[in-house]
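To keep things clear, I will list the structure first and then write my remarks on it.
Owing to the predicted nature of the structure, the values given are computational and were not obtained by experimental measurement. Quick note on labels: first sequence line is chain A, next is B, and so on, each numbered from 1.
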There are 2 protein chains.
Amino acid sequence: MYVKHQRKTTSNSQHQLFMAKRSKVNQRQRILDEAAKLFKEKGFAGTSMRDLGGEVGMEAASMYNHIKSKDEILESICFYVSNTYISQLAEVEKMDASYTKKVETLLRRHVYLMIEDGAAVSVANNDWKYLTGDKLIQFKEARKRYEQGFAALIEQGIAAGELQPVNVSVALFTILSAVRWVELWYRPGRGISAEDLERNIMTILLNGLAK
Amino acid sequence: MYVKHQRKTTSNSQHQLFMAKRSKVNQRQRILDEAAKLFKEKGFAGTSMRDLGGEVGMEAASMYNHIKSKDEILESICFYVSNTYISQLAEVEKMDASYTKKVETLLRRHVYLMIEDGAAVSVANNDWKYLTGDKLIQFKEARKRYEQGFAALIEQGIAAGELQPVNVSVALFTILSAVRWVELWYRPGRGISAEDLERNIMTILLNGLAK
DNA sequence: TTTAAAAACTAATACCTGTTAGTTTTTAAA
DNA sequence: TTTAAAAACTAACAGGTATTAGTTTTTAAA
């Protein structure tokens, strides 16, 4: 996560086939991953560095060889999520398709990230408020950018007659919230596959519950 | 809130027209109200008793004349919300109406509580995890009871052919989540009235976004 | 095997936490 | 005006917080 799928750079030394198992970047990543899980479970303020150290298998103080501060951990997680969302928006905006299709695609990716990275998404959704100073401002701006881009798609869909003429803000937030339970509820093996889950959500939001 | 609309009991002494402005119950209620606002804003773990005292206009220690502990504040808020939800469910279950109408009514009341008591609902939604021991178990049970009651209405609606044959759990959580943004977003004077808000949400969830 | 950097440790820092004890002030009825 | 209870206060507690400094161990290349 956060530096997703970053692979070991094969060294130019022939003697070294694999990088150290405990390289700086990997340990940092482990700390971020465990932090996301713990923050999701107990909240940022409810998680101590000693808790986190316990989970990582390291003294709290030792983690400072890999991270700058507790705040920096939160920042890394939050901006990984916001950057991912914004990239997805940018990709969809470039698509050559109907607005319905664009909304559907963006929503699908939105849900997909929740399934893939539930803990990080949860932290970005719930603990962003503990960001401070510039970082707080930047995060709010990023979120606003995503929301406005998403809203624009809905608005254009309505203007083109593809979507119901509902209040755009209400539609946007209803959609974005409607999928938030995924992060709380979904676990593989809940009796429903990720595909079925996506399809059901799409049906409800696009076609409604009533017959 | 929590002891909603409890009115001053007119004393049997004729000399006393009004109760003291700072009676024990009122001060306690003020503490609970300010706590709900603060917990919503900064989280339970992120709010100190000194923060709360500052907001109430009282030393932290002085509040212990009115409350038992910080945990008890959280319990009062959470159970006020869960009790309200469960009463609403019980009322709707007694109704003589179609399942669509029942689902709609329950959802309307659900949204109404969010509009009326956003801070308390927010705390019950986000900070319940800081409840401990019995209280945590009881709260989870109450939530489960509400969710199962709500799910039963949807299930019966599907069985009666009134609602789309979607996965009941997905429908339930999509609906319950869909309205959660109200607590984060809605403020009177946002350019949309509570009635319009309710109507728009109902339209999207019952009829869908697509035309 | 030597060497030096990286990553772990222990100990200590200054500060913040919820809560209690004891005291003073406020309130409201006698 | 007296009295007693209620509600505020100050001071202190024991323990938790993130973080730093200094030291030892581990790692991996020379």
State whether [X] and [Y] are salt-bridged, where the test is any N-O pair (Lys NZ or Arg NE/NH1/NH2 against Asp/Glu carboxylate O) under 4.0 Å.
{"X": "Arg30(A)", "Y": "Asp33(A)", "answer": "no"}
{"X": "Lys37(B)", "Y": "Glu34(B)", "answer": "yes"}
{"X": "Glu141(B)", "Y": "Arg145(B)", "answer": "no"}
{"X": "Glu72(A)", "Y": "Lys135(A)", "answer": "no"}

Would you kindly give the [atom1]-to-[atom2] distance between [X] and [N], to the nearest whole Å?
{"X": "Leu74(B)", "N": "dG18(C)", "atom1": "CG", "atom2": "C1'", "answer": "14 Å"}
{"X": "Met63(A)", "N": "dT19(D)", "atom1": "CE", "atom2": "P", "answer": "10 Å"}
{"X": "Arg30(B)", "N": "dA8(D)", "atom1": "CZ", "atom2": "P", "answer": "9 Å"}
{"X": "Asn26(A)", "N": "dA7(C)", "atom1": "CG", "atom2": "C1'", "answer": "14 Å"}

On DNA chain C, compare the nucleotides closest to Glu59(A) and Ile67(B); which residue's is nearer the 5' end? Glu59(A)
Whether Tyr146(A) and His110(A) hold their rings parallel, tilted or perpendicular, with breakpoints at 30° and 60°: parallel
Describe, in one word, how the ring planes of Trp185(A) and Phe173(B) are oriented to each other, choosing from parallel (under 30°), tilted (30 to 60°) and perpendicular (over 60°). tilted
Residue-phosphate contact under 4.0 Å: Gln27(A) side-chain N/O, dA8(C) OP1/OP2: yes
Looking only at side-chain N and O atoms, does Ser62(A) come under 4.0 Å of OP1 or OP2 in dC9(C)? yes
Go through Asp117(B) and Tyr80(B) one step at a time and tell me if the side chain to side chain donor-acceptor pair (under 3.5 Å) criterion holds. CA-CA 11 Å; Asp117(B) 255 322; Tyr80(B) 157 69; 2.5 Å; yes
Kindly say whether, by distance alone, the side chain of Asn65(A) makes a donor-acceptor pair under 3.5 Å with the base of dA6(C)? no
Option from Glu104(A), Glu91(A), Gln88(A) for which side-chain hydrogen bond (donor to acceptor under 3.5 Å, both in side chains) with Arg109(A) holds: Glu91(A)
Listed nucleotide nearest any side-chain atom of His66(B), set dA7(C), dA8(D), dA21(C): dA8(D)
Which nucleotide in dA7(D), dT19(D), dT20(C) has an atom nearest any side-chain atom of Tyr64(B): dT20(C)
For Ser48(A), the side chain to side chain donor-acceptor pair (under 3.5 Å) test, sequence neighbours excluded, returns Asp51(A)
Which of residues 42-58 of chain B have a heavy atom under 4.0 Å from DNA chain D? Arg50(B), Met58(B)
Can you list every stem that DNA chain D is part of, counting only runs of 3 or more consecutive Watson-Crick or G-U wobble pairs with both distances under 3.5 Å? C:1-30 with D:1-30
